[in-house]
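Report on one structure; see the data block that follows.
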Amino acid sequence: MPSPVSPRQAALQALLRVLRDGTSLSDALPPLLARVSPRDRGLAQALCYGTLRWHRRLEAILACWLERPLKRRDRDVACALAMGLFELLYLDTPDYAAVQETAGLGRGLGKRWAVGLINGVLRRAQREGRARAEEVDRDPALRHALPDWLYRRLAAAYGDGTEAVCQALNAHPPMTLRVNTARIPLADYRDRLAEAGLAAAPHAQVETALVLERPVEVSALPGFAEGLCSVQDAAAQLAAPLLDCPPGARVLDACAAPGGKTLHLLDRAGGDLALTALDSSGKRLERVAENLQRGGHRAALVTADAARPDTWHQGPPFDRILLDAPCSATGVIRRHPDIKHLRREGDIPALARTQGELLRALWPLQSFPIQR
Amino acid sequence: MALLDILQFPDPRLRHQAEPVPVVDDAIRRLVDDMFETMYASEGIGLAAVQVNVHKQVVVMDVAGEGSEERSGQGLHPRCFINPEILEHEGLVETDEGCLSVPGFYEPVRRAERIRVRALDRDGRPFELETGGLLAVCIQHEVDHLNGRLFVDHLSNLKRDRIRKRLEKQQRQGSGHPTARGRQREAV
């Protein structure tokens, strides 16, 4: 069977799911990507992530070439334009191919008029794009393609460091591994990677972390299925050592899914913990179960609302509680650029309220004094 | 590794019944590897041995699985089914199908929505898979090939004849393979 969709068609559909319907990219993209020809999946992915990452900047550049803004029902055409401009400015596709292929999307949308429009605007972008981008980039929020409210808050919080923070938010995330150092020394696992043809460097601050030179499928990682390593950002690898569970401790992981930190806690203790992994979503808890199985560990999995311990907790208090509470996720924008569009300023106080409720609800479950 | 030629409808060799593979040996593995290379080069997601004029029950497929993160440079999920057998099927779903042996044509075809399939992998180990979605459709499409059936057989005589005549004309004019870029795909 031939692949039923072209990479640009799949990317456009995924962008619409995010920008029009408010779906997260991690929900929207996989089913679409499965339909793309295998060797074009990288392109479809690059188009989605890149267009979302730079969307506000792209829209600002495009605005001056449209006589009037596109109608609401033509969001698909607007998305195609942004995606085409991203490809022109950021990818090394030959310009004529990017223009022609993007314009052709108009036909698939059933909007023949859009073919000419996309063609015209993108040809203009070819000639005037760089100059126009320089004008747009004078506004720092547009330069970093961040919503105004977020840029304002970042600037207030980081001052002179704002520029560096924004650049980091738009950088490509590295693929970082956590080596299960209870089972294999970091250096030995690095050798295993090298044997598999994968170059990796230790992380400057996190002693369990190896940063891969190039991202790969997890199936290519030696011993992944047996729990020798996990995919986990370096910062996330700091939680388990901070909690520093003594052997046999009663531990609560209160917002456990997908279970990266749950697995880390158990890996560190060689599995010797009485651990309860709680999450409000039973479906997401399945991911925790998969992670536990990979590591060969056991834990009590509970689907419940962490803020209502009366509905799920009885017995003695916990020696340790990890509360990885729901957050704005603005710190992981580089990995999930769709957050730039899905997050609203009003979410911040709402999330802070939820975090406060969780903290107050779980605090009484912590045993004192804390045993070392 | 080598690129193989893909037979085109209405070539009568597409109607041959494929034989089961008695032993998965190096020759079969070489065939599997060549079929993958051919499938990837043709922007395919599935290919049956019959399509490359080898009348054995071998199918290769790549329908991506989980994993949406911006990490997989290639994102390959190769799967190989030797002597595939559909054990159970349920539900009904209609999707637009095309075929590397019927280039340029896409028509709606009804298939079972979920299936359970048994087959041997590239190392000759038996496995079972229960699946739905595009993967289930693709497996049914490729298993059809092993039985000498094409997706056009699920269409009306009128449609099938029209496709046959157009392809015969193209083949006479020697422009057998329309480029992948020019072909009509599903509407967004």
Just checking B:Arg164: does its CZ atom have more than 12 heavy atoms from other residues, nucleotides or ligands closer to it than 6.0 angstrom? yes
Answer key: most heavy-atom pairs under 4.5 Å with chain A among B:Ser101, B:Gly46, B:Cys138 is B:Gly46
Check whether more than 12 heavy atoms from other residues, nucleotides or ligands sit under 6.0 Å from atom CZ of A:Arg287, and answer yes or no. no
Could you check whether atom CG of B:Asp123 has more than 12 heavy atoms from other residues, nucleotides or ligands sitting under 6.0 Å from it? yes
To check you understand the geometry: which heavy-atom pair defines the closest contact between A:Pro2 and B:Gly98, and what is its length? CD-C, 3.2 Å
Side-chain donor or acceptor of B:Glu97 paired with backbone N/O of A:Met1 under 3.5 Å: no
Within a radius of less than 6.0 Å around CD of B:Gln17, do more than 12 heavy atoms belonging to other residues, nucleotides or ligands occur? yes
Apply the test side chain to side chain contact (heavy atoms under 4.5 Å, CB included) to residues B:Asp62 and A:Arg39: give CA-CA distance (whole Å), side-chain angles for both, the deciding distance (0.1 Å), then the verdict. CA-CA 10 Å; B:Asp62 189 324; A:Arg39 60 176 190 178; over 6 Å; no
State whether the number of non-hydrogen atoms from other residues, nucleotides or ligands found under 6.0 Å of B:Arg110 atom CZ is greater than 12. no
How close do A:Pro38 and B:Ile45 get, heavy atom to heavy atom, and via which atoms? CD-CG2, 4.2 Å
Hey, what do you get for CD (B:Glu43) to OG (A:Ser6), rounding to the nearest 0.5 Å? 9.0 Å
CG/B:Asp25: more than 12 non-hydrogen atoms of other groups inside 6.0 Å: yes
Minimal non-hydrogen separation, B:Tyr106 against A:Ser3, with atom names: OH-O, 3.9 Å
